[in-house]
Protein chains: 2
Amino acid sequence: MRRSDEAGTARREEILRRATELFLNEGFAGTSMSALAQACGLQKASLYHHVPSKEALFIACVTEGYNRELAALRAIRDDAALTDDDRLRHAMAELYRITVDSPVGRMSPLIAEVSLRFPEAARAFHDGFISQEHGIVGAIIARGLENGSFAPHDHLGIEHLIFGPVVTLALSRRMFASHPALEETYPVARVRDSHTAMVLQLLRAGTAMPDGG
Amino acid sequence: MRRSDEAGTARREEILRRATELFLNEGFAGTSMSALAQACGLQKASLYHHVPSKEALFIACVTEGYNRELAALRAIRDDAALTDDDRLRHAMAELYRITVDSPVGRMSPLIAEVSLRFPEAARAFHDGFISQEHGIVGAIIARGLENGSFAPHDHLGIEHLIFGPVVTLALSRRMFASHPALEETYPVARVRDSHTAMVLQLLRAGTAMPDGG
DNA sequence: GTCTATATTTCGATAGAC
DNA sequence: GTCTATCGAAATATAGAC
């Protein structure tokens, strides 16, 4: 890739970074190009030299953010030195880190905001990120099942049981960031550890399967 | 309460209803007072006869929506004719209905959007709705624990394990409403039944408690 | 209580100098 | 590649007739 390509310049990367920050804090419609220009120390017109439109900017923020996060998750999936239990533990810890801390992981409410107006953003987020995450965790569980570490279970139910609390915790912490008891009510480490232990308990014991899941 | 009080008129109720619909579909910043006026068959200026501002309108939409939903949940909590297992099953079914179908249950992404700009909306949503829901479900579980139907467990973990998948399912269904495989990937009834069965399995078996939860 | 008309601001985006 | 200046549209909200 040439140095002057669309995705390459340092200025553009800074714009994407600042824009992601603003979108996460103010929403899509609540983020103005003027505010973004100010955050970048530029005039508004200069932004349009780097980005064709606000919508294209948003799509770029979504699609260029998740590759690094997924790489870390894939590395855990492929780590042959771990036991099946520990591999899932590590993956869930990584899921919590991604979903609570990373920009792309915190983007779900944003996607919900814009999904009706440009479904392509939602589609990119689902295919490039959510569905990848589910696939990686699914592979980790399938491996444990083949090895006999985990008992037969309802795949769909376990999948939602793994991802549900993580996403909701991140959403709650964002919604109620100003709540005085935030850390007591929504503590990341305690929820993560308890959640992980219960998922492993279910996987080892097996769960009822409604209809051949 | 007098008939001409602020909360009473039919027109105001219609405005709140239409506004909730628009907010849910377009977000807060994405919903204009003009569009709302058009949806109500009014001129924009007439709206301001019923509502002092867009922000106050939003707060009203949030705070005046959840009482009926919570009443249904409280009725299940107080139903003495149910077994402890069935009481929790009914409550979780109601949680799914509220979170996926009802306007107030689908408001979480909206709260996330505006929470930094007017925290009072987030506060009202948390204190009047979320924390009420958690309290009701917590009481149902505590009753089962007293009766010996459920074994000792980590309260915080179970709480997040109950609410997490419901909220995330509703959020996913909204984000990916245009996804062709929506019903296969995010099916309400299957996730709900599997989720409920696993929660009951954990409650009956008991779970490890990190530090005296 | 609803209307027409408008004040005022801000929005996304563009033109053209340098 | 960044700037000043501005366009046209749309935003929230208000004034005042009826």
Side-chain angles (χ1 to χ4, degrees), chain A residues 1-62 110 113-114 116-118 120-121, chain B residues 1-62 110 113-114 116-118 120-121:
Chain A
M1 175 160 39
R2 286 182 44 206
R3 208 186 185 308
S4 61
D5 270 6
E6 196 184 68
T9 71
R11 183 66 98 178
R12 182 186 153 93
E13 281 172 19
E14 186 199 356
I15 290 173
L16 287 186
R17 195 161 31 83
R18 306 265 190 198
T20 300
E21 190 180 339
L22 282 172
F23 283 143
L24 285 173
N25 287 337
E26 308 288 341
F28 176 79
T31 296
S32 71
M33 297 299 272
S34 314
L36 175 58
Q38 191 172 5
C40 296
L42 288 177
Q43 290 302 313
K44 189 169 50 167
S46 303
L47 281 183
Y48 285 89
H49 184 80
H50 302 272
V51 169
S53 73
K54 188 186 177 183
E55 293 192 13
L57 168 64
F58 180 78
I59 306 265
C61 288
V62 171
L110 269 176
E113 181 191 344
V114 305
L116 290 179
R117 275 181 288 180
F118 31 105
E120 52 181 323
Chain B
M1 179 160 36
R2 286 182 44 204
R3 209 186 183 306
S4 61
D5 270 5
E6 197 182 68
T9 72
R11 183 66 97 179
R12 182 187 151 94
E13 281 173 17
E14 187 199 354
I15 291 174
L16 287 185
R17 194 162 32 84
R18 305 265 190 199
T20 301
E21 190 179 339
L22 282 172
F23 283 143
L24 285 174
N25 286 339
E26 308 288 342
F28 176 79
T31 297
S32 71
M33 297 298 272
S34 315
L36 176 59
Q38 192 172 4
C40 295
L42 287 177
Q43 290 302 314
K44 190 168 50 168
S46 304
L47 281 182
Y48 286 89
H49 184 81
H50 302 273
V51 168
S53 73
K54 189 185 178 184
E55 293 193 11
L57 167 64
F58 180 77
I59 304 266
C61 288
V62 171
L110 270 177
E113 182 191 344
V114 305
L116 290 179
R117 273 180 292 180
F118 28 107
E120 51 181 324

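Residue numbers begin at 1 in each chain, while the letters A, B, ... track the order of the sequences. The figures here come from the full heavy-atom set of this structure, side chains too, leaving out hydrogens, waters and symmetry mates.
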#### Entry: Distance-minimising heavy-atom pair for A:Ala29 and B:Ala29
CB-CB, 3.4 Å
### Query
Taking the side chain as C-beta and beyond, is there a heavy-atom pair between B:Leu36 and B:Leu57 under 4.5 Å?
yes
### Query
How long is the line joining CG of A:Leu57 and C1' of C:dA13, in whole Å?
14 Å
### Query
Closest to the A:Lys44 side chain: D:dA13, C:dG12, D:dT2?
C:dG12
### Short side-chain N/O contact to D:dG1 OP1/OP2 from A:Ser46, under 4.0 Å
no
### Message
Without decimals, in angstroms, what is the distance between A:Glu14 CD and D:dT2 C1'?
### Response
14 Å
#### Entry: Phosphate OP1/OP2 of C:dT14: any A:Tyr48 side-chain N/O under 4.0 Å
no
### Query
How far apart are the closest heavy atoms of A:Ala39 and A:Leu22, and which atoms are they?
CB-CD1, 4.3 Å
### Message
I need the CD-P distance between B:Glu13 and C:dG1, as an integer number of Å.
### Response
14 Å
#### Entry: B:Phe28 vs A:Glu113 side-chain heavy atoms within contact, under 4.5 Å
no
### Query
Roughly, in whole Å, what's the span from CD in A:Gln43 to C1' in C:dT14?
15 Å
### Message
Of the options D:dA13, D:dA5, C:dA13, whose atoms approach the side-chain atoms of A:Lys54 most closely?
### Response
C:dA13
### Summary
Taking every heavy atom of B:Arg12 against every heavy atom of B:Ala60, the minimum-distance pair comes out as NH2-CB, 3.8 Å
### Summary
From CD of A:Glu26 across to C1' of C:dC11 the rounded distance in Å is 15 Å
### Task
With sequence neighbours left out, write down each residue that passes salt bridge (charged side-chain N to carboxylate O under 4.0 Å, His left out) with B:Glu14, or none if nothing qualifies.
B:Arg11, B:Arg18
#### Entry: Distance test, side-chain N/O of A:His49 to OP1/OP2 of D:dC3, below 4.0 Å
no
### Query
Any side-chain heavy-atom pair from A:Thr31 and A:Phe58 closer than 4.5 angstrom?
no
#### Entry: Interatomic distance, B:Leu22 CG vs D:dA11 C1' [rounded to whole Å]
15 Å
### Task
Pull out every residue in residues 32-41 of chain B that has a heavy atom closer than 4.0 Å to any atom of DNA chain D, ordered by number, or say none.
B:Ser32, B:Met33, B:Ser34
## Note on the structure
Between CG of A:Leu47 and P of C:dT14 the distance, given in whole Å, is 13 Å
### Message
I need the CG-P distance between B:Leu42 and C:dT2, as an integer number of Å.
### Response
6 Å
